[in-house]
Participant: 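Sharing a structure with you now.
Per chain, numbering begins at 1; letters A, B, ... match sequence-line order.
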Amino acid sequence: MHDLGYFRSHLDAIAERLATRGFQFDVSAFRDLDVQRRAALTEVEQLKAQVNSESQAIGKLKKQGADTSELQITVRALGDRIKSLDEKVKEVDETFRSQLAGIPNVPHSSVPTGKTADDNLEVRRWGTAPKFDFEPKPHWDLGPELGILDFDRAAKVTGARFVVYWEAGARLERALMNFMLDTHTRHHGYTEILPPFMVNSASLYGTGNLPKFADDLFKIDKHDFWLVPTAEVPVTNLFRDETLDVEKLPICLCAYTPCFRSEAGAYGRDVRGIIRQHQFQKVELVKFTRPEQSYEELDKLTADAEDILQRLGLPYRTVVLCTGDMGPSSSKTYDIEVWLPGQNAYKEISSCSNYEAYQARRANIRAKSSKSKADHVHTLNGSGLAIGRTWVAIVENYQQADGSILVPEALQPYVGSDRIAAQPSKSFRP
RNA sequence: GGAGAGGUGGCUGAGUGGUUGAAAGCACCCGCCUCGAAAGCGGACUUACUCGAAAGGGUAACGCGAGUUCGAAUCUCGCCCUCUCCGCCA
């Protein structure tokens with residue numbers, strides 16, 4: 001959400017920047033609505049002021065023993081007018097606010113202008129794609145063959161776009177989770193959080209998932225609870241409606257959660273394998289920073305996510321999203337894309353964004369020192385990393401001619417072996 | 001899930017339906033005092049929206065929402081949360 005005062009006084013410049021991300025902002029319609037809203041507010045507030053002062057007068061008169069019944073009748077009439085005007089104000093105000101809330105963030109000046117993912121800019125590339133003297137397989141073949149992925153039973157137990165990991169497959173997922181959390185807490189200075197996996201709607205409004213993206217979420221029946229689509233939601237909302245000590249910034253948190261997404265609108269995309277599931281696991285990085293340090297912290301956060309891939313020896317490239325490809329809340333986003341031999345392509349494995357104060361205004365997260373006034377913090381987050389896709393990257397990049405998977409050295413203590421071969425339980429699974 | 005108690009400013013904590021946006025204390029901030037500090041003294045001390053060139057006004061907010069009333073922190077109803085006891089449960 002934009003700061004109203006600033007927004008109003010920079011309308012044209014902001015509209016111009018928003019156009020670069022394909023958002024056509026009707027400045028004059030906004031101005032009209034703004035004027036309309038303020039006129040309605042002024043009118044009803046003047047009436048309320050009148051009621052207040054006359055009510056006070058009634059109180060005084062009554063104390064003196066005077067008869068106030070006639071005055072009460074006139075004030076009562078005012079009250080009726082206020083009631084109907086209030087409804088109008090509420091309507092205009094809600095339209096205005098929802099419109100304001102629907103206006104995307106302004107892209108940072110360093111973000112390349114563009115329309116689609118094709119216009120994203122590669123900023124660096126790390127590692128080299130492995131060379132195979134055989135035809136590398138995609139994970140949706142390797143997984144079932146090794147007995148570590150089971151799509152059929154997941155479909156039976158729950159439905160499409162779910163998966164069961166077996167044995168070393170399950171252990172690899174768990175190993176990645178621990179490896180990521182350990183690396184971020186021991187080497188990158190993050191504090192570990194284990195948040196609830198369900199959140200209320202106020203939290204989802206705070207991060208901007210509601211009201212616009214309700215279709216992407218799973219809602220719990222009979223409760224105001226939703227399954228988290230990412231740990232960003234509970235972790236960012238830890239400090240909703242709080243004023244932090246500016247000296248404690250930046251606050252760097254990391255959290256493991258499963259993530260639940262309905263993937264409405266993504267039917268037909270990535271249907272094979274575990275690239276796009278209704279449930280996946282992720283370690284998320286979240287930062288709360290001072291405004292002047294947020295871009296430096298974004299670069300660090302992105303590097304922290306990349307470090308996981310480097311330690312695992314997985315080739316990747318990092319791109320900066322162009323204006324047209326960024327999420328609406330973001331001022332600047334880096335995507336990290338890992339190399340997947342089975343698909344002969346780089347695939348997004350992390351998305352690292354600086355929301356500046358856009359999200360903090362929504363969630364009302366501020367910081368102050370003893371001498372300064374409270375100001376909204378900047379919020380940042382990024383995957384560090386999506387565990388399922390990291391699992392895929394390991395399986396596909398480290399596959400051997402015999403169908404087994406080598407385990408990267410950094411992960412071996414976590415997995416407990418240096419190789420994943422066909423699993424024993426395959427023999428008794430019909 | 002049932003019964004009871006409670007939710008007031010950064011914290012503690014007053015608050016008979018009528019100058020209470022809110023006493024008092026603490027904390028924080030600015031002065032004075034001091035070589036410096038503490039103590040003491042004086043002052044300042046919520047936020048959002050809105051009117052105004054400014055000075056300065058106005059509206060709203062005492063968990064959230066609705067209601068009663070000329071007027072609600074105070075009364076009524078619903079919901080949420082915390083605490084105690086009971087039940088259930090990993």
Participant: If you measure from the P atom in B:A48 to the same atom in B:G43, how many Å do you get, rounded?
Facilitator: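 Looking at atom P only, B:A48 and B:G43 are 27 Å apart.
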Participant: Between B:A5 and B:G9, how many Å separate the two C1' atoms, rounded to a whole number?
Facilitator: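 Looking at atom C1' only, B:A5 and B:G9 are 24 Å apart.
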Participant: Counting C-beta onward and ignoring hydrogens, is there a side-chain heavy-atom pair between A:Glu284 and A:Thr257 closer than 4.5 Å?
Facilitator: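 Sidechains of A:Thr257 and A:Glu284: no contact.
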Participant: Both distances below 3.5 Å, Watson-Crick or wobble geometry, any strand: find the nucleotide opposite B:U74.
Facilitator: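 Base-paired to nothing in any strand shown.
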Participant: If you measure from the P atom in B:G7 to the same atom in B:A73, how many Å do you get, rounded?
Facilitator: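 Those two atoms are separated by 16 Å.
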Participant: Could you check whether any side-chain heavy atom of A:Val157 comes within less than 4.5 Å of a side-chain heavy atom of A:Val164, counting everything from C-beta outward?
Facilitator: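 Not touching, per the 4.5 Å side-chain cut-off.
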Participant: If B:A38 has a Watson-Crick or G-U wobble mate with both distances under 3.5 Å, name it; if not, just say none.
Facilitator: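 Matched B:A38 with nothing under the 3.5 Å cut-off.
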Participant: Can you tell me which nucleotide in B:A66, B:C49, B:G18 comes closest to the side chain of A:Ser55?
Facilitator: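 Per side-chain heavy atoms of A:Ser55, the pick is B:G18.
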Participant: Assign A:Ile73 to base, sugar-phosphate, or nothing according to its heavy-atom contacts below 4.0 angstrom with the strands shown.
Facilitator: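 The answer is nothing, as A:Ile73 stays clear of every strand by at least 4.0 Å.
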Participant: Just checking A:Asn52: base, sugar-phosphate only, or nothing, at a heavy-atom cut-off of under 4.0 Å?
Facilitator: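 Sugar-phosphate contact only - A:Asn52 comes under 4.0 Å of backbone atoms but never of a base.
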Participant: Please tell me which of A:Lys83 and A:Gly5 maps to the more 5' nucleotide of RNA chain B, matching each residue to the nucleotide holding its nearest heavy atom.
Facilitator: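 Final value for this comparison: A:Gly5.
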Participant: Check this for me: does any side-chain nitrogen of one of A:Lys115 and A:Asp119 sit under 4.0 Å from a carboxylate oxygen of the other?
Facilitator: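 So A:Lys115 does not pair with A:Asp119 through a salt bridge.
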Participant: What's the shortest heavy-atom distance between A:Arg171 and A:Val415, and which atoms?
Facilitator: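 Heavy atoms only, the tightest pair is NE-O, 2.9 Å.
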Participant: Considering every strand shown, what is the Watson-Crick or G-U wobble mate of B:A24 when both distances are under 3.5 Å?
Facilitator: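 Pair assignment: B:A24 / B:U12.
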Participant: Please tell me which of the listed nucleotides, B:C49, B:C51, B:U59, lies nearest to the side chain of A:Ala49?
Facilitator: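 Among the listed nucleotides, the one closest to the side chain of A:Ala49 is B:U59.
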Participant: Paired with B:C89: which nucleotide, if any, by Watson-Crick or G-U wobble criteria at under 3.5 Å for both distances?
Facilitator: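 By the stated definition (distances under 3.5 Å), nothing pairs with B:C89.
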Participant: Does A:Lys60 reach a base, just sugar-phosphate, or nothing at all? Heavy atoms under 4.0 Å.
Facilitator: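 Answer is nothing: A:Lys60 stays at 4.0 Å or more from every strand.
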Participant: Is A:Asp12 salt-bridged to A:Arg31, going by a charged N under 4.0 Å from an acidic O?
Facilitator: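 Yes, this pair counts.
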Participant: Assert yes or no for the condition that the ring centre distance of A:Tyr6 to A:His2 is strictly below 6.0 Å.
Facilitator: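 For A:Tyr6 and A:His2, the ring centres are not under 6.0 Å apart.
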Participant: Please measure how far the C1' atom in B:A23 lies from the corresponding atom in B:C62, and state the result in whole Å.
Facilitator: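 B:A23 and B:C62 have their C1' atoms separated by 14 Å.
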Participant: What's the closest nucleotide to the side chain of A:Ile58 if the choices are B:U68, B:C70, B:C49?
Facilitator: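 Among the listed nucleotides, the one closest to the side chain of A:Ile58 is B:C70.
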Participant: Can you tell me the pairing partner of B:A44 across any strand shown, Watson-Crick or G-U wobble, with both distances under 3.5 angstrom?
Facilitator: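 Its partner: none found.
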Participant: Does a nitrogen or oxygen in the side chain of A:Arg37 sit under 4.0 Å from OP1 or OP2 of B:U50?
Facilitator: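 Answer is yes, contact under 4.0 Å.
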Participant: When the C1' atoms of B:G25 and B:C81 are considered, how many whole Å apart are they?
Facilitator: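 Looking at atom C1' only, B:G25 and B:C81 are 27 Å apart.
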Participant: Rounded to whole angstrom, note down the C1' distance from B:A53 over to B:C64.
Facilitator: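 Per the computed distance, 40 Å lies between those C1' atoms.
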Participant: Can you identify which nucleotide, out of B:C49, B:C70, B:A66, has its nearest atom closest to the A:Val75 side chain?
Facilitator: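 Taking heavy atoms from C-beta onward, the closest nucleotide is B:C70.
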Participant: How are the rings of A:Tyr414 and A:Phe179 set relative to one another: parallel (under 30°), tilted (30 to 60°) or perpendicular (over 60°)?
Facilitator: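 Taking A:Phe179 first and then A:Tyr414, their aromatic rings stand perpendicular (interplane angle over 60°).
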Participant: Would you measure the distance from the C1' atom in B:A90 across to the matching atom in B:C79 and give it in whole Å?
Facilitator: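 Pairwise C1' distance, B:A90 against B:C79, rounds to 29 Å.
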Participant: Which nucleotide, B:C49, B:A60, B:G18, lies nearest any side-chain atom of A:Glu45?
Facilitator: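 The listed nucleotide nearest to A:Glu45's side chain is B:C49.
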Participant: With a 3.5 Å cut-off and just heavy-atom distances, do the side chain of A:Gln46 and the base of B:G58 make a donor-acceptor pair?
Facilitator: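 Absent.
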Participant: Return whichever of A:Gln72 or A:Ser53 has its heavy-atom-nearest nucleotide of RNA chain B closer to the 5' end.
Facilitator: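 Its nearest nucleotide being more 5', the pick is A:Ser53.
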Participant: So which nucleotide from B:A48, B:C51, B:C49 ends up closest to the side chain of A:Arg366?
Facilitator: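 The closest nucleotide is B:A48.
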Participant: For B:A5, give the paired nucleotide (Watson-Crick: N1-N3 plus N6-O4 or O6-N4; G-U: N1-O2 and O6-N3; both under 3.5 Å), or none.
Facilitator: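 B:U82 - that is the nucleotide pairing with B:A5, both distances being under 3.5 Å.
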Participant: For a quick test of reading the model: is some side-chain N or O of A:Arg38 closer than 4.0 Å to OP1 or OP2 of B:C49?
Facilitator: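 So the side chain of A:Arg38 is outside the cut-off, no N or O lying under 4.0 Å from OP1 or OP2 of B:C49.
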Participant: Considering only the P atoms, how many Å lie between B:C70 and B:G65, rounded to the nearest integer?
Facilitator: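 Per the computed distance, 24 Å lies between those P atoms.
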Participant: On the nucleotide B:U50, are OP1 or OP2 found under 4.0 Å from the side-chain N or O atoms that A:Arg8 carries?
Facilitator: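 Yes, such a contact exists.
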